[in-house]
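Here is the structure we will look at, set down as structure tokens.
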Amino acid sequence: MAFPARFTLYSARELPYNTCPSMIHLRLRGCNRSILRFLKSRPNGTRNISSLSLSSSAAKPYYITTPIFYPNAAPHIGHLYSLVAADVFARYERLRRGSNDVRFLAGTDEHGMKIQKAARVHFGQIGREKEFCDALSERFRDLSEKANISNTCFMRTTSQEHRRTVEDVWRRLDGKGFIYKGKYEGWYSITDECFYTDAQVTTDPSGTQKVSVETGAVVEWTSEENYMFRLSAFRDALRKHYITDHRSVQPSQYREDVLRMLGDDVLEDISISRPRSRLEWGVQVPADPSQTVYVWFDALLIYLTGAGYPDKSFWPADLQVIGKDILRFHAIYLPAILLGLSTPHSYSPASPQVPAPQTPAMPLAHTLLSHAHWTSGQKKMSKSLGNVADPLEVMDEWGVDVVRYYMMRVGGKWRDDADWSTEQLEKHHNEIQSLLGNYFLRITSKALRAIVEKASPDPKECLSAAAQGRHIPPIETPKEEHNWDTNTALLRDVFDLPSKFHACMNNFEAGKALEHIVEVLSQANLVLTTNAPWATPKSDDVAEVKRHANFALGTRVVGLETLRVVAGCLEPFMPDISNKVQEALGVEGGVLRLDAVANRDFSGGERLEEFWARWKGMEVQSIKLFGPRRGNIVKEIVKKRKSA
RNA sequence: GGCGGCGUAGCUCAGCUGGUCAGAGCGGGGAUCUCAUAAGUCCCAGGUCGGAGGUUCGAGUCCUCCCGCCGCCA
């Protein structure tokens, strides 16, 4: 077990990682991909490592989270969407930092009534919830692996360490008076696991029972003792935070939604426990065996557990990707809890609003990225409508990267519900295949290479000439058939791409970032057609033939450079495709820092010059980047429609 | 019921503080080159910018009302 780097056990328990059955945290310093590869090659892969952090700098690692999924339902497109969105930013951050200093949490939310009930139905006996969850949770781990999500840990709310987090947070809040015992009354729905107010229930058509207006679930009037959390005490502090911090919630419309939620008359305290008699599958309230911590309180704290709580070296989260349906929990409840943990004061009725501390022990997450949902046929996906797409199947059929591309290209604006359809998926498959895959083949074709062999300059000269608007050899009035201006224009846009790309990603505009990439690729295809470097020279004159060969080489090298930069930017979105291109171009390791992607002045970029040099006479292998083009699905659908 | 948002070419949508704003992409139709294992390129959309009023020299762009969707809250 020779390890090329030092590692330290991160959890309190001194268990060697290779013998621990389930929960190990490793913190590896100064290590590289080979360790990850090594770990993944082990029989269990990374599965018995619940957290792995690679750290190479003193700065706080970037911490990004996805929602943790309730595993009772099968993985669907929405889960994949959250995962991919977070993965794009995780991978982007690695590129930007030029290191793997990113902690990326995914996981499952496993407590609660639904699971308890389902497990009992499944096994026909009680007490086997954990076993039940093990299987369910695995499906989400599979989804993440299949989709090439680069999460560094997969946390489950049923883990021991998480229980300790929940208990500790509870005690601290309780110690400061933010938790009190209250009587809770309302219309309770067992299926929805929540209480409704009078206005939220109605009598069902048969007139025999009350049901929830929203879900139609049967409700019954229930009264019980609960522990309450003083959410109301944090309203002012939260409002201030969201008014001041414009990056706090993205896209901005959701920040306005949050402010609206906080702007209502009063922020009600919320119930955070359930009688244990009804809910056993959950964390027991410290020092009160009759109550179980309510699931959402439990679940939200996973982000702290994932950050190593009570250790704070990863906290706060830099980015929390969530669906808009859980905005309230992440924008109000969790921050209120964090404020409660941070404040040095205890609750006092005399000053019911708790101010946010100057230097909070547990700061709020920097940014919440809230995304909309996927619909199908403009309707919510639901089992009853039978319009639920299976993400695993879809990835099998279309390829992981194509699905990722589609999701981010269409759903990368985050704010509007996007419609999922095979037609659209096919269109986007064809789009990227043509723009990138086909362009790659065009640039690397044998025919073009044959022409280029007669050229004299080296790739660096070509790029330098194109960048500066020169011709090789120099000429006063270039002929139309080999005018380098098109190359110059393309190269300028290629060099502009990374900064545009950075600007978008920095604003969490993934869709727009992809748009810029698509624009460059479109232009590249156009330039290639315009230049037609494969055309036979119009004159037999030796100098003309030579000039043409040079022009063809210039066009080809600018094309290769376009591919290199595009592939670099595309890496967060389509990691596999991107790496294929980068490997073919001779970009070592498939990793390229974005700040090194473009080197406008052609000086000091040693690495760049290295692979440019390599392109001289290099056989960049023509490879197929995508699966076969799909042309029939749309046509068939149209046919059906016409005949119907 | 309250608050907020949306309604622009067949589809998906751009249009910031009112004056080249009537657009892009896709689909569809036509043409064309041929380097491409998967093609590329060019041309073609006459949509009363949901409807009705109003402000203004001038409004998808501001105001009012109405219609239709969608969120959040009650």
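Quick note: numbers below take in every heavy atom, side chains included, and nothing from hydrogens, waters or symmetry partners. In what follows, chains are A, B, ... by sequence order, proteins preceding strands, each numbered from 1.
Using a 90° window around 0 for the glycosidic torsion, B:G60 falls inside it and is classed as syn.
For A:K146, the NZ atom counts as densely surrounded, since its 6.0 Å shell holds more than 12 non-hydrogen atoms of other residues, nucleotides or ligands.
Distance from the side chain of A:L526 is smallest for B:U41 among the nucleotides B:U37, B:G4, B:U41. Taking only side-chain atoms of A:S445, from C-beta outward, the nucleotide of B:C73, B:G40, B:C35 with the closest atom is B:C35. Of the candidate nucleotides B:G4, B:U41, B:A38, B:A38 has the atom lying nearest to any side-chain atom of A:K624. Among the nucleotides B:C35, B:U37, B:U41, the one closest to the side chain of A:L441 is B:U37. Side-chain atoms of A:S434 lie closest to B:G40 of the nucleotides B:G4, B:A38, B:G40. Side-chain atoms of A:D416 lie closest to B:A14 of the nucleotides B:A38, B:U34, B:A14. Here B:C13 is the nucleotide among B:G4, B:C35, B:C13 with the atom lying nearest to any side-chain atom of A:K413. Nearest to the side-chain atoms of A:R415 among the listed nucleotides B:U37, B:U41, B:A14 stands B:A14.
Ring centroids of A:Y92 and A:H502 are separated by less than 6.0 Å, placing the two rings close together. Note: A:F508 and A:W414 fail the aromatic proximity criterion, with ring centroids not under 6.0 Å apart. Between A:F440 and A:F626, the gap from one ring centroid to the other reaches at least 6.0 Å.
Residue A:L625 is in base contact, counting any heavy-atom pair closer than 4.0 Å across all strands shown. Across all strands shown, A:I623 has heavy atoms under 4.0 Å from base atoms, whether or not it also approaches the sugar-phosphate. Residue-level contact check: A:T444 touches neither bases nor backbone, having no heavy atom under 4.0 Å from any strand. Residue A:R409 is classed as having no contact, given no heavy-atom separation below 4.0 Å to the nucleic acid. In this structure, A:K446 reaches neither bases nor backbone, as no heavy-atom distance under 4.0 Å exists between it and the strands shown.
With a cut-off of 3.5 Å on both Watson-Crick or G-U wobble distances, the partner of B:A52 is given as B:U64. For B:U41, the paired base is B:A31 (Watson-Crick or G-U wobble, both distances below 3.5 Å). Checking B:G58 for Watson-Crick or G-U wobble geometry (two distances, each under 3.5 Å) identifies no partner in any strand. Nucleotide B:U12 forms a pair with B:A24, judged by Watson-Crick or G-U wobble geometry with both contacts under 3.5 Å. Pair assignment for B:G46 gives none, since no Watson-Crick or G-U wobble pairing has each distance under 3.5 Å. Within the shown strands, B:C73 is the pairing partner of B:G1 under the Watson-Crick or G-U definition, both distances less than 3.5 Å.
The P atoms of B:C65 and B:G4 are separated by 12 Å, rounded to the nearest whole Å. For the C1' atoms, the distance linking B:U20 with B:A59 amounts to 15 Å, nearest Å. With both ends at atom C1', the span from B:U48 to B:U12 equals 23 Å, rounded to whole Å. For the C1' atom pair drawn from B:G40 and B:C33, the interatomic distance equals 8 Å after rounding to whole Å. B:A14 and B:G58 have their C1' atoms separated by 23 Å, given to the nearest Å. Comparing the same atom, P, in B:G68 and in B:G51 gives a spacing of 15 Å after rounding to whole Å. B:G23 sits 33 Å from B:C66 when the P atoms are compared, rounded to a whole Å. For the P atoms, the distance from B:G47 to B:U37 is 42 Å, rounded to whole Å.
Remark: the backbone N or O of A:Y439 is not paired with any side-chain donor or acceptor of A:N525 at under 3.5 angstrom.
For the pair A:D257 CG and B:G71 P, the interatomic distance rounds to 12 Å; values are reported in whole Å. Whole-Å rounding puts the A:K324 NZ to B:G5 P distance at 16 Å. One atom, CD1 of A:I270, and another, P of B:C73, lie 13 Å apart when rounded to the nearest Å. Here the C1' atom of nucleotide B:C72 and the OH atom of A:Y254 are 11 Å apart, to the nearest Å. In this structure, A:H428 places its NE2 atom 10 Å from P of B:C26, rounding to the nearest Å. Rounded to an integer number of Å, the gap from CG of A:L259 to C1' of B:C3 is 13 Å. Between the CH2 atom of A:W534 and the C1' atom of B:C35 there is a distance of 5 Å, rounded to whole Å. Between the P atom of B:G25 and the NZ atom of A:K427 lies a distance of 14 Å, rounded to the nearest Å.
Of the candidates A:L625, A:L585, A:D401, A:L625 is the only one forming a side chain to side chain contact (heavy atoms under 4.5 Å, CB included) with A:K580.
A salt bridge does not link A:R239 with A:D236: every distance from a Lys NZ or Arg NE/NH1/NH2 to an Asp or Glu carboxylate oxygen is 4.0 Å or more. Contact check on A:K324 versus A:D417 returns a salt bridge, with a Lys/Arg side-chain nitrogen under 4.0 Å from an Asp/Glu carboxylate oxygen.
Along RNA chain B, the nucleotide nearest A:F440 and the nucleotide nearest A:E256 are compared for position; the residue whose nucleotide lies closer to the 5' end is A:E256.
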